[in-house]
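Report on the structure given below.
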There are 2 protein chains.
Amino acid sequence: MDKLTVKQQRILNFIEKHRVKKTYPPTLKEIGDNFGITIGTVQDHIYALQKKGHLERKKDIARGFVVIKSEEEQYFDKMKAEADLIPLYGNVAAGEPIFANDNIQGYVTMEKSSKGHNIHFALRIKGNSMIDSGIYDGDIVIVRKQDTAEDGEIVIALLDDEATVKTLRNKNIKAYLEASNSKYKSIINKPFQIIGKVIELRREYNVI
Amino acid sequence: MDKLTVKQQRILNFIEKHRVKKTYPPTLKEIGDNFGITIGTVQDHIYALQKKGHLERKKDIARGFVVIKSEEEQYFDKMKAEADLIPLYGNVAAGEPIFANDNIQGYVTMEKSSKGHNIHFALRIKGNSMIDSGIYDGDIVIVRKQDTAEDGEIVIALLDDEATVKTLRNKNIKAYLEASNSKYKSIINKPFQIIGKVIELRREYNVI
DNA sequence: TATTATGCCATATTGATTTATGGATAAACT
DNA sequence: AGTTTATCCATAAATCAATATGGCATAATA
């Protein structure tokens, strides 16, 4: 990967930008037109870019340019491609469906969800019942959908038709939900259903 | 955007995948070869895709396909494109440079950093001095580089050549750093330098 | 000083790619 | 029953685009 001259770099940038914006790379003529030079001259530049290892070319193939990226760029591209956008749901009142489309407040980027899609979602926390576990009112939790969990894990549970965040207590004969705030009582005698398990917490500080 | 037949959808997918993987769209012949059909047949399919509004075509232009995406897809693409990867630094011992390349533990995706690049970074928290503010050992904070901050904001400060997380107290004549844990003393009489301000907190729960 | 790299032009040829036409069949729809 | 739609085929013409060649000038390099 030898260093490029200003002109060569400009031409390389043009090819890549053209590709991204128009969805296909330019022809030699289009490159020439853009820079006010002839096809022959473009050939020279393309040849230089190839020799320096910044560009690949498919022989006899129209627009057959392949811009070579550095390892770092490739790594970044890969990470971005693997990043998922998961929906952020607002906390709902009792009885309302959680996963309703009009309850989506936005989307949150999340690193590679090794497993399939539609498994994760984000939820904005309301209330202080988990404050002793460092989860505050207004925080966002990222949840992996599952209907079981281990003792001590923080789960989203459906209780009286309302979604709540609690620590699961599974040790004894009977599982129950524990609030992480001494002012709140643990819930023992109500039936509940586990919706998912909290795998990440996010808190946004108001940027002034 | 009429519904597509199975065949039409397959051809549209082929065009898009070809474009992404090879960096340029296929020709009519290449499409035909892939599906074992002739150019004439491909013309028919392309025509149908255009009529149904899923594909645009540049006249007389080799590989001039533009796959039309739904508004949702466009929104997702845009968000992904705007997402930044910022470096995650480990906490360093006194005297060592924080922003050293070999102190990068990984990268974290972050939503649109409205302002330019290189302004944000992430830092893994060590210790419990901020526990009363809900920041725990092992948490990751996302920091915006800046050398001043307001009273009450959580900052990364350089103190005795070591980076620490503290709440800035700016009210009085003299600014000082406050630990959010009653077991720790606030730091009043030492000189410090603000590196940046915490704008987001992330905590990953160990996924079993 | 000879050589190499850069940057430019012009032109002809070959090959790739699109476009245009016409025809055929089966299924779905009016 | 007639019409449209979805699939297919074959072939020729037009033109787009890549390739091949040769030549010129300047600056950097061996």
Nearest-0.5 Å distance, CD1 of residue B/Ile131 to CG of residue B/Asp137 = 8.5 Å
Rounded to 10°, tell me the angle between the two end axes of the helix from C/dT1-D/dA30 to C/dT30-D/dA1, each built from five pairs.
-> 30°
Within residues 48-64 of chain B: residues closer than 4.0 Å to DNA chain C (heavy atoms) = B/Arg57, B/Lys59, B/Asp60, B/Ile61, B/Ala62, B/Arg63
When you measure from the side chain of B/Asp84 to the backbone N and O of B/Met110, does any donor-acceptor pair fall under 3.5 Å?
-> no
A/Gln193: what forms a side-chain contact (heavy atoms from CB on, under 4.5 Å) with it, not counting sequence neighbours?
-> A/Leu158
From the list B/Glu73, B/Gln74, B/Glu72, side chain to side chain donor-acceptor pair (under 3.5 Å) partner of B/Ser70 resolves to B/Glu73
Test side-chain hydrogen bond (donor to acceptor under 3.5 Å, both in side chains) applied to B/Gln105 - qualifying residues, sequence neighbours left out | B/Arg124
Would you tell me if any nitrogen or oxygen in the side chain of A/Thr5 comes within less than 4.0 Å of OP1 or OP2 on C/dA5?
-> no
Among all residues two or more places apart in sequence or in another chain, which pass the ring pair (Phe, Tyr, Trp, His ring centres under 6.0 Å) test with B/Phe121?
-> B/Tyr89, B/Phe99
Pick from B/His18, B/Lys17, B/Lys22, B/Glu16: which one makes a side chain to side chain contact (heavy atoms under 4.5 Å, CB included) with B/Val20?
-> B/Glu16
Between atom CD1 of B/Ile68 and atom CG of B/Leu49, what is the distance when rounded to the nearest 0.5 Å?
-> 11.0 Å
Would you call A/Ile199 and A/His120 a side-chain contact if the rule is heavy atoms closer than 4.5 Å?
-> yes
When you measure from the centre of the six-membered ring of A/Tyr136, is the NZ or CZ of A/Arg203 under 6.0 Å away and within 45° of the axis?
-> yes
Can you tell me the distance, in whole Å, between the CD atom of A/Gln8 and the P atom of C/dC8?
-> 10 Å
Does NZ in A/Lys126 sit with more than 12 non-hydrogen atoms of other residues, nucleotides or ligands closer than 6.0 Å?
-> no
Among residues 11-37 of chain A, which contact DNA chain C at a heavy-atom distance under 4.0 Å?
-> A/Gly36, A/Ile37
Gap between atoms CD and P, on B/Gln9 and D/dT7 respectively (whole Å) | 12 Å
Side chain of A/Asn103, backbone of A/Ile98: donor and acceptor closer than 3.5 Å?
-> yes
Side-chain donor-acceptor contacts of residues 29-42 of chain B below 3.5 Å, not counting sequence neighbours, with atom names and distances?
unit_1, atom_1, unit_2, atom_2, d
B/Lys29, NZ, B/Asp33, OD2, 3.1
B/Glu30, OE1, B/Thr27, N, 3.0
B/Glu30, OE1, B/Arg63, NH1, 2.9
B/Glu30, OE2, B/Arg63, NH2, 3.3
B/Thr38, OG1, B/Thr41, OG1, 3.3

Roughly how far, to the nearest 0.5 Å, is the CZ atom of A/Phe192 from the CG atom of A/Leu168?
-> 5.5 Å
Qualifying residues under side-chain contact (heavy atoms from CB on, under 4.5 Å), relative to B/Glu71, sequence neighbours excluded = none
Given protein heavy atoms under 4.0 Å, the one-letter contact record of nucleotides 24-30 of chain D, with B base, S sugar-phosphate only and - none, is simply -------
Spacing of CD1 belonging to A/Ile194 relative to CD belonging to A/Glu153, to within rounding of 0.5 Å = 9.0 Å
Scan for side-chain hydrogen bond (donor to acceptor under 3.5 Å, both in side chains) pairs involving residues 43-59 of chain A, sequence neighbours excluded, and state none if there are none.
-> A/Gln8-A/Lys52
By a strict heavy-atom criterion of less than 4.0 Å, which residues belonging to residues 38-47 of chain A are in contact with DNA chain C?
-> A/Thr38, A/Gly40, A/Thr41, A/Asp44, A/His45
Under 3.5 Å, side chain of B/Lys197 to main-chain N/O of B/Gln146, donor-acceptor pair present?
-> no
Using a 4.0 Å heavy-atom cut-off, write out nucleotides 25-30 of chain C from 5' to 3' as B (base contacted by protein), S (sugar-phosphate only) or - (no contact).
-> ------
